[in-house]
> 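Before we start, here is the structure in question, set down as structure tokens.
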Amino acid sequence: MKKPAVDRSHDISQPLEKLHANERLKDRSNYLRGTIEESLRAPLTGAVTHDDTKLMKFHGIYQQDDRDLRDERRRQKLEPAYQFMVRIRLAGGVCTPDQWLKIDALARAYGGSSLRMTTRQTFQFHGILKPNLKKTIQGLRDALLDTVAACGDDTRGVMCSVNPHLSDLHAEVYDIARRTSNHVIPKTRAYHEIWLDGEKIEPTAAEDPMYGRTYLPRKFKFGFVIPPVNDIDVYAQDVGLIAISEGEKLLGFNICVGGGMGNTDNAPETYPRLADVIGYFPKERILEIAEAATTIQRDYGDRVDRAHARFKYTIDDKGLDWFRSELESRVGFSLEEPRPYAFETNGDSYGWSRGSNGMWHFTMFIENGRIRNADGRQLMTALRELAHLHKGEFRLTPNQNLIVANIAEADKPHIADMLAAFGLDSSIHASALRLNSMACVALPTCGLAMAESERYLPSLVTKIEHILASHGLADEPITMRMTGCPNGCARPYVAEIAFTGRAPGKYNLYLGGGFHGQRLNRLYLENIGEERILRELEAIISRFANERLDSEHFGDFVIRAGYVREVTSGKDFKS
Ligand code: SRM
Ligand code: SF4
């Protein structure tokens with residue numbers, strides 16, 4: 001049902017009691033302090049209070065419990081095995097080898113000797129116990145890193161293409177992404193006081209002038225992309241910035257608005273939406289544009305119904321023309337017509353490549369971004385050894401992979417030997433399907449997961465690889481993504497084949513996304529298990545092998561062959 005287009009300003013002159021409970025919580029939190037310090041000190045529980053769990057998200061920290069242990073702990077009448085996920089703010093996914101080593105050490109000390117690279121190019125620690133939270137955050141501070149706004153109703157981790165080829169262009173766009181992130185994150189001193197033992201100040205309205213007391217209605221995401229690779233899935237961002245350049249000279253950005261993946265099954269009023277390109281502006285104006293877009297959502301986003309609070313619904317309710325003119329009036333200049341650009345893929349290009357500055361880069365495949373020593377592979381150790389040797393930087397890709405970036409010609413042989421010694425170079429010889437696959441974390445840490453994802457997709461891929469190979473399609477790149485629930489953390493609704501969890505072992509199957517993230521897919525079958533998934537895919541893949549047109553992608557074929565109708569807009573996704 002369409003909501004009335006009402007302005008629900010962040011201005012608290014609106015009766016707070018009419019807004020969502022989270023708005024009242026933010027309002028009384030004293031700029032995100034709440035009672036977090038008391039919660040951390042509470043000795044008899046591994047948890048923090050319900051309200052503090054919500055406020056801690058703004059500090060990049062999620063309370064979770066180990067779901068593998070839930071039933072057993074309940075039987076033993078113990079509280080759940082509370083633990084915390086901590087997400088680093090790492091705009092554009094770039095970190096130095098020294099930072100890598102410190103992150104690795106913290107993961108081994110407090111995070112279950114595992115790290116998770118995310119779909120928005122950062123690291124997550126899982127399994128951190130309450131007494132170790134402060135030590136973790138302070139350890140990150142020593143590595144010049146923080147977790148500010150990695151979650152919460154604010155501007156989240158800013159993404160940036162990892163482009164290993166166009167060195168100067170990447171450096172400039174990355175720098176802009178980093179500055180944008182610094183510009184739009186909350187400025188409250190709460191983080192320093194609580195986690196870094198900073199001096200306590202009296203909270204005042206001057207503390208967070210852009211956000212005000214109630215921050216944003218919901219999370220808000222920026223991403224910068226460098227065509228022709230749409231690795232960040234720019235159309236899935238609340239605000240996407242498409243670099244427009246002449247050669248390697250950055251001129252400015254096309255801006256697209258209103259993307260998002262979140263969706264609830266059987267709730268037609270929620271839907272994924274792809275961002276619309278609304279204009280072009282010169283690069284010098286980026287911070288004004290970023291601030292104006294953020295404050296428009298601050299002022300007009302829905303603060304009553306959180307299921308309708310993402311920017312994409314503000315855009316659909318009020319219209320693109322309204323947004324463009326509101327943006328222009330806030331920044332004081334007009335957007336130009338969008339400039340031409342073209343994407344070819346949203347995947348990573350693996351192996352060695354040489355940047356225009358002559359430096360080398362190696363992109364390796366890390367299945368679903370999980371780093372640990374397990375199943376006979378010493379991945380965590382290998383990457384630590386690499387970090388000891390490497391003098392350039394690491395770039396986490398938006399597809400959960402890793403680039404060892406900026407290797408000088410003279411250092412390449414040592415790095416290559418190290419990659420070979422640990423088998424890291426062979427990761428790139430996985431099948432095209434696996435190299436284009438991605439799964440969200442899901443069980444056992446994600447409290448919202450309804451089915452496995454990260455722990456299941458690898459074995460499902462193996463079975464689908466057999467089907468593809470039996471039809472002569474072993475090298476066919478098909479984007480395949482899985483999530484443990486419909487929230488869309490692995491951006492499944494732009495994949496050519498996607499699975500979203502409904503219940504243990506049961507998934508919705510979506511087909512028909514665009515190969516470079518330009519089209520949403522559509523629900524094909526609901527609530528099906530592995531046997532049915534494989535049977536259905538076998539039939540479709542067999543036809544694809546025989547009937548595809550020259551270079552036709554799988555996602556285009558399933559639409560032409562009539563398996564699903566093309567989705568033309570977010571609202572059309574469930575029609
Ligand atoms: Fe996400 C919530 C993991 C990228 C849409 N996401 C969660 C939580 C925090 C669960 C929760 O709220 O309790 C998950 C923690 C799981 C765990 O144990 O670690 C979680 N999201 C992730 C990550 C780690 C998935 C991954 O496998 O890499 C990604 C972290 C990104 C980062 O570094 O910041 C991650 N999440 C995304 C993306 C992809 C993106 O942004 O490009 C999306 C879809 C885009 C979008 O925002 O629309 C996404 N996550 C959600 C949603 C649905 C939001 C909505 O509009 O309805 C939720 C649920 C919510 O916010 O209520 C969610
Ligand atoms: Fe959890 Fe769902 Fe996100 Fe997967 S998609 S990490 S199950 S919230």
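When a ligand or atom number is given, it counts from 1 through the structure's own listing order.
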> Can you list every protein residue that has a heavy atom under 4.0 Å from any atom of ligand 1, sorted by chain and residue number?
Tyr62, Gln64, Met85, Arg87, Arg116, Thr118, Thr119, Arg120, Thr122, Gln124, His126, Arg218, Lys219, Lys221, Gly260, Met261, Gly262, Arg310, Gln400, Ala439, Cys440, Val441, Thr445, Cys446, Leu448, Asn487, Gly488, Cys489, Arg491
> With a 4.0 Å heavy-atom cut-off, what residues sit around ligand 2?
Cys440, Ala442, Cys446, Leu448, Ala449, Thr483, Gly484, Cys485, Asn487, Gly488, Cys489
> Over 60° means perpendicular and under 30° means parallel, so tell me whether Tyr507 and Tyr456 are parallel, tilted or perpendicular.
parallel
> What I'd like to find out is whether the side chain of Ile36 reaches to under 4.5 Å of the side chain of Trp195, using heavy atoms alone.
yes
> Taking only residues at least two apart or on different chains, which pairs with a member in residues 485-494 satisfy side chain to side chain donor-acceptor pair (under 3.5 Å)?
Asp233-Arg491, Asn263-Tyr493
> Suppose we screen for salt bridge (Lys or Arg N to Asp or Glu O under 4.0 Å). Which residues come up paired with Arg108, at least two apart in sequence or across chains?
Asp104
> For the residue pair Arg156 / Gln237, report whether a side-chain donor-acceptor contact shorter than 3.5 Å exists.
no
> Ring centres of Phe220 and Phe222 under 6.0 Å apart?
yes
> How about Phe125 and Tyr110: are their ring centroids closer than 6.0 Å?
no
> Are side-chain N/O atoms of Arg298 and Thr214 paired as donor and acceptor at under 3.5 Å?
no
> Just wondering, do Pro444 and Gln64 contact through their side chains at under 4.5 Å, heavy atoms?
no
